[in-house]
Amino acid sequence: AHMRVVTARVAGVKKIIACAPPFQGGPHPAIVAAMHMGGADEIYVLGGIQAVGAMALGTETIGRVDMLVGPGNAFVAEAKRQLYGRIGIDLFAGPTETLVIADDSVDGEICATDLLGQAEHGPTSPAVLLTNSPKLARDTMAEIERQLKILPTAEIAAKAWADYGEVIVCDSYEEMVVEADRIASEHVQVMTRDPDYFLGNMRNYGALFLGPRTNVAYGDKVIGTNHTLPTKKAARYTGGLWVGKFIKTCTYQRVLTDEASAMIGEYCSRLCALEGFYGHAEQANIRVRRYGGRNEA
């Protein structure tokens with residue numbers, strides 16, 4: 001709730017509507033409290049595509065919004081995709097993705113833990129290990145099999161690992177950067193001797209988590225940065241949700257003198273004629289005549 005509501009409030013959004021699904025037949029107290037503390041103006045007990053439709057189209061009681069942000073299941077993501085253009089959205093979201101970049105400065109247990117910790121999001125969530133250590137690759141795969149025997153969410157995580165898990169062994173940090181940018185993962189956890197090398201050289205990712213003391217769950221829950229992040233390789237062209245997503249860039253123009261208007265008009269008229277836009281050209285020509293005292297260009 002804070003990642004969406006607080007971000008919009010800091011950006012200066014005038015009215016913020018928030019929705020959360022019912023919990024045991026009523027409002028979820030923790031979510032409603034977080035939305036209220038974050039600055040939501042209206043809070044509704046409504047979830048799923050029903051909430052998306054209500055906010056995007058408006059109802060008798062819920063006013064239509066201009067922008068819709070926040071995560072959801074595959075149906076919510078599809079609803080946002082279909083409504084994009086009628087309203088603005090934060091980004092197109094797919095299943096949670098995690099990429100662990102590691103060398104032999106860490107062990108298979110911590111790599112496996114961090115991969116499965118995100119694979120439990122759903123059976124289609126990719127979890128990828130990228131390493132320059134064949135031994136770490138083997139140790140991690142063995143450790144994943146061990147942890148899947150005791151993890152409470154093993155049924156989901158095992159399906160994700162079986163269908164979407166990968167282990168990629170590279171020769172060098174340089175090759176690891178190339179592979180990581182190709183994958184363009186939502187979450188990238190870097191556990192190497194020099195994590196700043198990847199911070200300085202990688203370009204395509206939703207968020208980096210640097211060093212073994214940091215992890216994606218920290219970002220999910222407590223570490224502070226926004227966790228609404230691009231998936232499905234969208235990190236090639238966009239970052240995650242931030243204050244700027246709620247701020248429009250509007251422009252205005254004013255020509256200050258007669259001489260400037262006439263001079264610009266001459267250039268404009270010729271370009272319009274080259275393109276066959278004669279109505280456009282006349283917009284320029286009339287100003288050349290009126291403000292420049294001469295015939296059209």
Side-chain angles (χ1 to χ4, degrees), residues 1-11 13-84 86-98 117-125 152-157 159-160 186-187 206-207 216-232 234 240-242 245-246:
H2 277 179
M3 289 176 188
R4 267 68 69 179
V5 177
V6 172
T7 307
R9 180 60 68 200
V10 170
V13 175
K14 300 297 183 184
K15 185 175 182 181
I16 300 171
I17 296 174
C19 289
F23 174 73
Q24 297 180 352
H28 192 300
I31 294 177
V32 170
M35 289 174 168
H36 172 71
M37 293 171 66
D41 298 296
E42 298 176 12
I43 301 172
Y44 295 95
V45 182
L46 190 64
I49 60 173
Q50 301 93 319
V52 172
M55 289 189 286
L57 305 176
T59 71
E60 292 181 357
T61 55
I62 300 176
R64 185 179 65 83
V65 303
D66 296 315
M67 187 168 182
L68 189 66
V69 304
N73 59 23
F75 301 102
V76 167
E78 175 61 17
K80 288 171 65 179
R81 187 192 67 80
Q82 291 192 27
L83 289 164
Y84 177 60
R86 183 189 290 261
I87 57 166
I89 65 171
D90 45 0
L91 42 78
F92 296 111
T96 293
E97 306 164 348
T98 193
Q118 295 302 303
E120 73 175 4
H121 264 286
T124 57
S125 287
T153 53
E155 183 177 355
I156 296 172
K159 178 67 173 173
E186 176 188 17
H187 308 116
V216 179
Y218 284 5
D220 266 320
K221 308 302 179 185
V222 292
I223 210 167
T225 53
N226 205 300
H227 216 70
T228 303
L229 300 168
T231 61
K232 291 184 173 293
L241 183 64
W242 69 296
K245 288 277 188 177
F246 294 98

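Since we're looking at a predicted model, the values are computed, not measured.
Counting heavy atoms from C-beta on, the side chains of Gln118 and Asp220 come closer than 4.5 Å. Residues Lys80 and Asp90 are in side-chain contact: their nearest non-hydrogen atoms beyond the backbone lie under 4.5 Å apart. Counting heavy atoms from C-beta on, the side chains of Ile31 and Ile43 never come closer than 4.5 Å. Looking at His187 and His227, their side chains come closer than 4.5 Å, going by heavy atoms from C-beta outward. Within the 4.5 Å cutoff, the side chain of Phe246 has heavy atoms near those of the Leu241 side chain.
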| message | Test side-chain contact (heavy atoms from CB on, under 4.5 Å) on Val45 and Val32; report intermediate values, then the result. | response | CA-CA 9 Å; Val45 182; Val32 170; 5.6 Å; no
| field | Stepwise side-chain contact (heavy atoms from CB on, under 4.5 Å) check, Leu57 with Arg86 | value | CA-CA 9 Å; Leu57 305 176; Arg86 183 189 290 261; 3.5 Å; yes
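For the residue pair Ala207 and Leu229, the shortest heavy atom distance occurs at CB-CD1, 3.8 Å. Across every non-hydrogen atom of Met35 and Ala1, the tightest pair is CG-CB, 3.7 Å. What you find for Ala93 and Thr231 is that their closest heavy atoms are C-OG1, 3.5 Å. Here the closest heavy-atom approach between residue Ala18 and residue Val5 is recorded as CB-CG2, 4.5 Å.
Taking CZ of Arg81 as the reference point, atom CD1 of Ile89 lies at 9.5 Å (rounded to 0.5 Å). Here the straight-line distance linking atom NZ of Lys159 with atom OG of Ser125 works out to 13.0 Å at 0.5 Å rounding. In this structure, the separation between CD on Glu42 and CE on Met55 is 11.0 Å, given to the nearest 0.5 Å. Here the CZ atom belonging to Arg4 is positioned 6.5 Å from the CG atom belonging to Asn226, to the nearest 0.5 angstrom. Of the inter-residue distances, the one linking Leu83 atom CG with Ile49 atom CD1 reads 10.0 Å to the nearest 0.5 angstrom. With rounding to the nearest 0.5 angstrom, the CZ atom of Arg9 is 11.5 Å from the NZ atom of Lys15.
Side-chain contact check for Glu120 and Thr153: at least one donor-acceptor pair (N or O, by modelled atom type) lies under 3.5 Å.
The pair Lys232-Glu97 does not count as a salt bridge, with every side-chain nitrogen at least 4.0 angstrom from each carboxylate oxygen.
With hydrogens and angles ignored, the 3.5 Å screen pairs a side-chain donor or acceptor of Tyr44 with a backbone N or O of Thr61.
Classified by interplanar angle (parallel below 30°, tilted 30° to 60°, perpendicular above 60°), the ring pair Phe92/Tyr84 is perpendicular.
When the shell of 6.0 Å around NE2 of His2 is examined, it contains more than 12 heavy atoms from other residues, nucleotides or ligands. Counting non-hydrogen atoms of other residues, nucleotides and ligands closer than 6.0 Å to CD of Gln82 gives a total above 12.
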Name every donor-acceptor pair, under 3.5 Å, that has one atom in a side chain of residues 62-73 and the other anywhere in the protein, sequence neighbours excluded.
residue : atom : partner : partner atom : Å
Asn73   : OD1  : Phe75   : N            : 3.0
Asn73   : OD1  : Val76   : N            : 2.9

